[in-house]
Amino acid sequence: MQVDEATVQRIARLARITVTPDEAKALEKELSGILNWVEQLSEVDTSNVEPMTRVVPIALPKRRDEITDGEIPDQVTKNAPQTEDHFFVVPKVVE
Amino acid sequence: MTDLTKLTLTEARDGLKKKTFTATELTDAFIAAIEAGNGALNAYVLTTPDHARAQAKAADARLAKGEARALEGIPLGHKDLFCTNGVRTTACSKILGNFIPTYESTVGANLWNAGAVMLGKLNNDEFAMGSSNETSAFGPVVSPWRRNGSDAKLVPGGSSGGSSSAVAADLCLGATATDTGGSIRQPAALTGTVGIKPTYGRCSRWGIVAFASSLDQAGPIAKTVEDTAVMLGAMAGYDPKDSTCVDAPVPDYAAQMRQGVKGLRVGVPKEYRVEGMSKEIEALWQQGIEWLKAAGATIHEISLPHTKYALPAYYIVAPAEASSNLARYDGVRYGLRVPGKDITDMYSQTRAAGFGKEVRRRVLIGTYVLSAGYYDAYYLKAQKVRTLIKRDFDEAWNKVDVVLTPTTPSPAFAFGEKTGDPLAMYLEDIFTVTVNMAGLPGMSVPAGLSSEGTPLGLQFIGKPFDEGTLFRAGKVIEDAAGRITPPQKWWLSTSKGR
């Protein structure tokens, strides 16, 4: 699998990480190298194999649908870069 | 008074109970050792001496009343991946900046409720992604070990490099660590310390900065097998806040450790004799086999046919889960924010500036393998291979009780030796990563020195929730090999100007 610069930029956009043209060049090589290396998995016959969903066979625990936590807006917003009245402030999203 | 920092955790616990010294004296000894040594080693990214002294004082009060708990007054280092209430937690990433959690991880809370004292937060690879501790935003950790006749800086392994370096250098009695592909066992092996990654589900993951949720587990690094048994006993346990945490009693691991290995069936997987394995690793492995035989265990060759596919499958599963987990770092709720021309630009600029090179690389790989059209070919395929890896072990458990392998393919390497080539660095985890893929417990025990005079470790792999057998087997190796400590405390002498 050869990753080209356009693909690097497409993935970077999906991942929301700005990548400079120089970085994209280096990443083309690195990502291609890693993807070629994992290609060896195609040697393994997995035609009748279920994908693993959990390593320990336990059922997910259930609990009553009740509020067990909350009323801590000071704590929730304490580490935010910008807040106003317990709201997170972001650049304008809707025109 | 003798140097209290040289004690093992268990020895220190006995000394506290006998009132040979107080928890305050013990804690002060470690605070002084950190002041003198951390400049050269960079094991701690934050020290909390006032916090430690307050905990030690409370421990002394309990000890005086005869109400000591399992780790009363024991000074520990805490990996910076664990959220600490009111104490900065960064995962050693710029993107978490000055994040100060308002809650405590469950594993941390368990330790403090057992009376332990927190000396500070320990360095690690950024978001635990690395095998040398060179990707930390706080700079690399230096191993207290050096090659014979050389003062080149060696890596302490990773990602729990601060933990392994601090324990080996007597800057704490034990340390918390986490292991996603080998991040407890590889650093333990490279520093002559003991590290155990318990079964997936044994320790709660709540409050630990997430890397790859189906693989991450917390565990201890300490000076001896018994010390790790005591620590794990305090760290483990059911937690309703982690739905993958198992509701099962935690056994007395130290008591199990003393049961010996008479009649224990030890498996030696032929697939671990990888091409290019060094002669001394091969010899070490053989030595381990001899020691176990002499202690009454029987040795059986086994086959784990899908071993070679574990690492490539891991480098699909782990980055995929990481790309999803790390989506939360967007400059809105916590950490770094870099302004942009609109909200998407703000996200992208923030993440480009906040994530280091290796983290960006893994998030991009993860995004790629999960993207439309590639999911089946990569992620689903890797999860199917994972089923086969686990099946290999399930079959092995019909014949053996525990598996013995080397922990790493080679001894500690120097700074920069493997940073240029991501694949070379990934190969560090070749013997450890299968264990995470199958969710099994694994332990590294120091077993000898390389021709360069640096430590080498052997790994035991156990059945699910059978940590007890790992402690039994590990004890045999430890008793035979003896404790392995750095020959000189060079880091104390030139600590001021690194």
Side-chain angles (χ1 to χ4, degrees), chain A residues 1 3 7-8 10-20 23 26-27 30-31 33-63 68-69 72 74-83 88-93, chain B residues 99-103 199-201 214 240 243-244 246-247 306 308-309 312-313 315-316 323 327 330-337 339-340 342-349 351-352 355 360-361 363-368 371 378 380-388 390 422-423 437-439 464:
Chain A
M1 177 60 71
V3 179
T7 309
V8 171
R10 184 177 61 85
I11 305 165
R13 222 171 15 255
L14 286 174
R16 300 284 187 268
I17 297 176
T18 305
V19 169
T20 65
E23 287 168 343
L27 281 163
E30 289 165 10
L31 300 191
I34 295 166
L35 291 168
N36 282 328
W37 172 68
V38 303
E39 204 60 43
Q40 57 180 298
L41 293 183
S42 59
E43 298 165 17
V44 186
D45 179 5
T46 52
S47 43
N48 290 310
V49 180
E50 287 293 310
M52 179 178 279
T53 49
R54 55 184 57 224
V55 285
V56 176
I58 54 163
L60 269 184
K62 295 186 182 110
R63 65 168 176 83
T68 56
D69 202 356
I72 48 167
D74 286 343
Q75 289 187 38
V76 171
T77 53
K78 182 173 172 274
N79 281 284
Q82 203 186 343
T83 60
F88 299 113
V89 178
V90 296
K92 196 171 170 186
V93 180
Chain B
F99 178 62
I100 298 175
T102 55
Y103 48 85
T199 314
Y200 185 83
S214 78
S243 63
T244 61
V246 171
D247 189 2
H306 296 91
K308 73 175 272 209
Y309 301 109
Y315 274 97
I316 292 172
S323 74
D330 57 5
V332 175
R333 287 158 299 163
Y334 30 66
L336 181 76
R337 171 185 288 194
D342 53 31
I343 195 166
T344 308
D345 194 42
M346 182 203 82
Y347 293 151
S348 305
Q349 299 284 356
R351 291 162 63 78
F355 290 145
R360 291 200 301 271
R361 182 151 56 212
V363 169
L364 292 173
I365 284 281
T367 305
Y368 183 82
S371 64
Y378 289 107
L380 205 66
K381 179 80 183 182
Q383 290 289 48
K384 287 179 178 175
V385 171
R386 209 173 158 187
T387 299
L388 293 172
K390 182 164 190 300
L423 284 177
M437 293 300 269

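In what follows, every chain begins at residue 1, and chains take the letters A, B, ... in the order their sequences are listed.
- Side-chain contact between Tyr368(B) and Thr7(A) is present, with at least one heavy-atom pair separated by less than 4.5 Å.
- Ranked by heavy-atom pairs under 4.5 Å with chain B, the first of Ala26(A), Ala15(A), Ser42(A) is Ala15(A).
- Contact of the Arg337(B) side chain with the Val90(A) side chain is registered, since non-hydrogen atoms from C-beta on lie closer than 4.5 Å.
- Annotation: maximal heavy-atom pairing with chain B below 4.5 Å, among Leu35(A), Ile58(A), Leu60(A), Val93(A), occurs at Leu35(A).
- Under the 4.5 Å side-chain criterion, counting only non-hydrogen atoms from C-beta, Val44(A) is in contact with Leu388(B).
- A 4.5 Å side-chain heavy-atom check between Leu41(A) and Ile316(B) finds at least one atom pair inside the cut-off.
- Side chains of Glu50(A) and Lys384(B) form no contact here, defined as non-hydrogen atoms less than 4.5 Å apart.
- Under the 3.5 Å distance criterion, the side-chain polar atoms of Arg386(B) are left unmatched by any main-chain donor or acceptor of Met52(A).
- Rounding to the nearest 0.5 Å places CZ of Phe99(B) at 8.5 Å from NZ of Lys78(A).
- Leu364(B) pairs with exactly one of Leu27(A), Val3(A), Leu14(A) by the side chain to side chain contact (heavy atoms under 4.5 Å, CB included) rule, that one being Leu27(A).
- If you measure heavy-atom distances from Val89(A) to chain B, the contacts under 4.5 Å come from the backbone alone.
- Checking Tyr309(B) against Glu43(A) by side-chain atom types alone, a donor-acceptor pair falls below 3.5 Å.
- Across Arg63(A), Lys92(A), Gln75(A), Arg13(A), the residue that shares the most heavy-atom pairs under 4.5 angstrom with chain B is Gln75(A).
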